[in-house]
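Here's the structure, in structure tokens; my notes come after.
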Amino acid sequence: MGETFQAPRGFHDILGSDLKKFRKITSTVRDLLRRYNFEEIITPVVEFAKVFERSIGEATDIVGKEMFVFPDRKGRLLALRPEGTAGVVRAYIQNKLYALRPYHKLFYEGPMFRYERPQTGRYRQFHQIGAEVFGIADPHADAELLKLVSDILSELNIEAVLEINSLGCKVCRPAYREALLEFLQGVAPNLCKDCIDRKERNPLRVLDCKVQTCQEAVREAPKMVDFLCDDCRKHYEKLKEYLKALEVPFRENYNLVRGLDYYTRTVFEAVSPKLGSAIIAGGRYDYLVEEFGGPPTPALGFAVGVERLMLLVEEPQRDYELFFVIPFGEVHAYALKVADTLRKKGKVVEFSYRRGGLKKQLEFADKIRADYAVIIGEDELKEGVVTLKDMRTGEQKKVKPEEI
RNA sequence: GAGGGUGUAGCUCAGCUGGUAGAGCGGGGGACUGUGGAUCCCCAUGUCGCGGGUUCGAGUCCCGUCACCCUCCCCA
């Protein structure tokens, strides 16, 4: 053997039963998105780095230390997309979709890239399916999107808790931030090292620190819900009302904040108790389109972490029958024709390419879990039939190929 | 970026205080050249992750390096 290669750290091949889970997840989500009438959009995997810096926020870890950034030949900085929303927003504006219709519902699916340390459910190349709604300010949209998230979880039979919160808007968030900051200054001596740092960068994040002493220090902290302006409060109350009407179970988590800067009002996460991390997450970003040079457009969306769901779903059963055609003796031409006939009828057929006794071939039929063995020997050739053996029951009978 | 663990056959792993590799599973063949999922027999593979060091001698000890796993930061 010569030199061998390995995929770079955090990059993985997806095959076998993992791929079956992968497809089960993406096809289930796609089918649900279709029922909610979302339209697919494919955006580039590469964007100008600025697209992400401006949307996600320069101070976030995603932009600050997790992006794959590289210069093109003219020295402009490009980046592998670390998430899907920024590119879709860019495309929405560049294609002037806002001029076509009052609102749009789009979804995307594809690989995302973050330069970080791999661990459970976390890779440098991972996959998301995400949905974005542009142009609807009404909490109907929030409720529907959350219903969709809950549909995904139940269709895939995944246990998760849907947590929601409101982060307010331009009107009310600054006052809250101020109050929180003031509170945090007061308890600063009790905060962990990370939180001292967080306090400056993203004070909201201190709220969901896992360190015991921080949780205690923050217990009496002011809550965003108490600072929501009238509009935000109504929006949030309506959303909860709709969720109840839709019978979507949810839990309010006043400490739920998101790491991306663009969120406003509704934020949510589907948290898996088994993984202890979010598997689907999203929220509203009512200012992002405008900040990107488009018309003021309320918007919201979510992203599904495919690899994380893969840790939680069962491998799907094969949903078709497999026929294994076994030529026995000098009957290959006839056997190939039989296989062809079956395939023309839509059957899934594996032809036995190997030599050896019938026994070996049937063993192989077992190995590939064939449902039927189609045995073809000299006798069958003469009679123009095949022996169809049900591998489960062992029963077999001679039939004409076209009758299978 | 920080901390911890692990790298031996295709897979899961064993290999005691250093004396130059092993089991199960899987794979191939056979008992059984027109009948599988049972049983039995036979066979095979390894630069012991890579590089260096200590030693008469290293899978075993030391250093470095790479990869993987787990945790933190952060996130889907």
Side-chain angles (χ1 to χ4, degrees), chain A residues 1-12 16 25 29 56-57 59-67 82-85 111-130 149 152 160 192-195 197-198 201-202 205 208-211 257-260 268-272 275-282 301-312 324 326-329 331 352 354-380 387-396 398:
Chain A
M1 255 203 284
E3 187 183 7
T4 60
F5 291 103
Q6 256 186 331
R9 157 175 280 195
F11 290 78
H12 288 262
I25 292 159
V29 175
I56 300 166
T60 62
D61 275 18
I62 293 182
V63 167
K65 60 179 201 183
E66 294 178 359
M67 275 212 297
E83 57 105 50
T85 301
M112 305 294 162
F113 304 86
R114 289 183 199 172
Y115 195 102
E116 57 185 343
R117 205 103 169 200
Q119 58 185 277
T120 314
R122 169 179 302 191
Y123 305 96
R124 288 186 174 180
Q125 175 176 335
F126 60 103
H127 296 79
Q128 292 187 332
I129 310 177
V149 169
I152 291 169
C192 70
K193 220 176 131 228
D194 286 328
C195 280
D197 194 41
R198 269 194 278 252
R201 282 186 310 144
N202 189 348
R205 287 227 72 101
D208 68 352
C209 180
K210 286 164 192 154
V211 177
V257 296
R258 308 273 314 133
L260 290 67
F268 54 87
E269 275 184 2
V271 179
S272 158
L275 297 180
S277 62
I279 49 182
I280 303 177
F302 68 77
V304 176
V306 178
E307 279 81 357
R308 291 200 177 166
L309 293 190
M310 281 165 66
L311 297 169
L312 302 168
F324 187 56
I326 302 174
F328 194 72
V331 295
S352 180
R354 320 172 89 211
R355 308 236 157 204
L358 232 200
K359 181 183 173 63
K360 282 290 168 206
Q361 314 236 46
L362 285 168
E363 274 174 13
F364 193 73
D366 251 343
K367 188 178 163 52
I368 63 172
R369 297 227 184 81
D371 297 286
Y372 295 97
V374 181
I375 301 165
I376 301 168
E378 314 276 357
D379 299 347
E380 284 84 354
T387 294
L388 183 67
K389 181 182 179 85
D390 184 325
M391 291 298 288
R392 227 158 47 106
T393 63
E395 287 168 22
Q396 60 183 55
K398 285 188 175 174

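These values consider heavy atoms only, across backbone and side chains, with no hydrogens, waters or symmetry-generated copies. Lettering of chains follows the sequences in order, A, B, ..., and the numbering in each one begins at 1. Just so it is clear, the model here is predicted, and its values are computed rather than measured.
Between the C1' atom of B:C74 and the CZ atom of A:Phe113 lies a distance of 19 Å, rounded to the nearest Å. Counting to the nearest Å, the P atom of B:G27 and the CG atom of A:Asp366 are 11 Å from each other. For the pair A:Arg117 CZ and B:G5 P, the interatomic distance rounds to 13 Å; values are reported in whole Å. Separating the CE atom of A:Met67 from the C1' atom of B:G1 is a distance of 17 Å, rounded to the nearest angstrom. Rounded to an integer number of Å, the gap from CE of A:Met112 to C1' of B:C74 is 17 Å. Rounded to whole angstrom, the span from the CD atom of A:Glu116 across to the P atom of B:G3 amounts to 18 Å. Rounded to an integer number of Å, the gap from CG of A:Leu362 to P of B:C32 is 18 Å. In this entry the distance linking CD of A:Glu395 with P of B:G37 reads 18 Å, nearest Å.
Proximity of A:Pro8 to A:Gln125: side-chain heavy atoms (C-beta onward) are nowhere separated by under 4.5 Å. Taking the side chain as every heavy atom from C-beta outward, A:Thr387 and A:Ile376 never approach each other to under 4.5 Å.
Atom OH of A:Tyr123 has more than 12 heavy atoms from other residues, nucleotides or ligands within 6.0 Å.
Note on A:Ala365: nothing from the nucleic acid sits closer than 4.0 angstrom, heavy atoms only. Within the 4.0 angstrom heavy-atom criterion, no nucleotide atom of any strand lies near A:Gly84. Counting any heavy atom pair closer than 4.0 Å across all strands shown, A:Gly121 reaches a base atom. Here A:Glu378 lies in heavy-atom contact (under 4.0 Å) with a base. When heavy atoms are screened at a 4.0 angstrom cut-off, A:Lys389 is found touching base atoms of the nucleic acid. Nucleic acid contact class of A:Glu380 (heavy atoms, under 4.0 Å, all strands): base. Across all strands, A:Gly394 comes closer than 4.0 Å to base atoms (heavy-atom distances). Nucleic acid contact class of A:Asp194 (heavy atoms, under 4.0 Å, all strands): sugar-phosphate only. Across all strands shown, A:Arg392 has heavy atoms under 4.0 Å from base atoms, whether or not it also approaches the sugar-phosphate. Note on A:Ile375: a base of the nucleic acid sits closer than 4.0 angstrom, heavy atoms only.
With distances taken from any side-chain atom of A:Leu358 to the nucleotides B:G37, B:G34, B:A2, the minimum falls on B:G34. With B:U71, B:A76, B:G30 as the candidates, the nucleotide lying closest to the side chain of A:Lys360 is B:G30. Listed nucleotides: B:G34, B:C72, B:C32. Nearest to the side chain of A:Asp379: B:G34. The A:Thr387 side chain lies nearest to B:G34 when the options are B:C73, B:G30, B:G34. When distances are taken from the side chain of A:Met391 to each of B:C74, B:G36, B:C70, the shortest belongs to B:G36.
Between B:G22 and B:G46, the distance separating the two P atoms is 13 Å to the nearest Å. Comparing B:U71 with B:G53, their C1' atoms are spaced 32 Å from each other, to the whole Å. Separation of the C1' atoms belonging to B:C66 and B:C25 is 29 Å when rounded to the nearest angstrom. Annotation: B:G18 and B:C73 have their C1' atoms spaced 42 Å apart (nearest Å). Taking atom C1' on both B:A67 and B:C50, the two are 10 Å apart, rounded to the nearest angstrom. Spacing between B:G10 and B:C56 at atom P, rounded to whole Å, works out to 35 Å. The same atom, C1', is picked in B:G64 and in B:U54; the two are 15 Å apart, to the nearest Å. B:C61 sits 14 Å from B:G5 when the P atoms are compared, rounded to a whole Å.
Scanning atom types as modelled, no donor and acceptor separated by under 3.5 angstrom connect the side chain of A:Lys65 and the base of B:C74. You'll find a donor-acceptor pair under 3.5 Å spanning the side chain of A:Gln396 and the base of B:U35, going by distance alone.
In this structure B:A67 sits in a base pair with B:U6, meeting the Watson-Crick or G-U test at under 3.5 Å. In this structure B:G46 sits in no base pair that meets the Watson-Crick or G-U test at under 3.5 Å. The base-pairing partner of B:G1, taking Watson-Crick or G-U wobble contacts with both distances under 3.5 Å, is B:C72. In this structure, B:G22 forms a base pair with B:C13, meeting either the Watson-Crick or the G-U wobble geometry with both donor-acceptor distances under 3.5 Å.
Close to B:U71, at under 4.0 Å from its OP1 or OP2, lies a side-chain N or O of A:Gln119. Listed pair A:Arg9 / B:C68 meets the phosphate criterion, a side-chain N or O lying under 4.0 Å from OP1 or OP2. Between A:Lys359 and the phosphate of B:C32, there is no side-chain N or O to OP1/OP2 separation shorter than 4.0 Å. A sub-4.0 Å separation between OP1 or OP2 of B:G27 and a side-chain N or O of A:Lys367 is present. Regarding contacts with the backbone of B:C74, a side-chain N or O of A:Arg198 is found under 4.0 angstrom from either OP1 or OP2. Applying the 4.0 Å criterion to OP1 and OP2 of B:A76, one finds that A:Ser277 has every side-chain N and O outside that range.
Under the 4.0 Å criterion applied to side-chain N and carboxylate O atoms, A:Arg124 and A:Glu116 are not assigned as salt-bridge partners. Using a cutoff of 4.0 Å between basic side-chain nitrogens and carboxylate oxygens, A:Asp208 and A:Arg205 are scored as salt-bridged.
For the atom pair CG (A:Leu388) and NZ (A:Lys398), the distance works out to 13.0 Å, reported to the nearest 0.5 Å. The CD atom of A:Glu83 sits 10.0 Å away from atom CE of A:Met67, with the distance rounded to the nearest 0.5 Å.
Residue A:Phe328 and nucleotide B:G34 are not classified as a stacked aromatic pair, given the requirement of ring centres less than 5.5 Å apart at an interplanar angle below 30°.
Place A:Val211 and A:Ala303 on RNA chain B by their nearest nucleotides, and A:Val211 ends up nearer the 5' end. Nearest-nucleotide mapping onto RNA chain B: of A:Ile376 and A:Val304, the residue sitting toward the 5' end is A:Ile376.
Side chains of A:His127 and A:Glu307: a donor on one and an acceptor on the other come within 3.5 Å.
The nearest pair of heavy atoms linking A:Phe126 to A:Pro82 is CZ-O, 3.9 Å.
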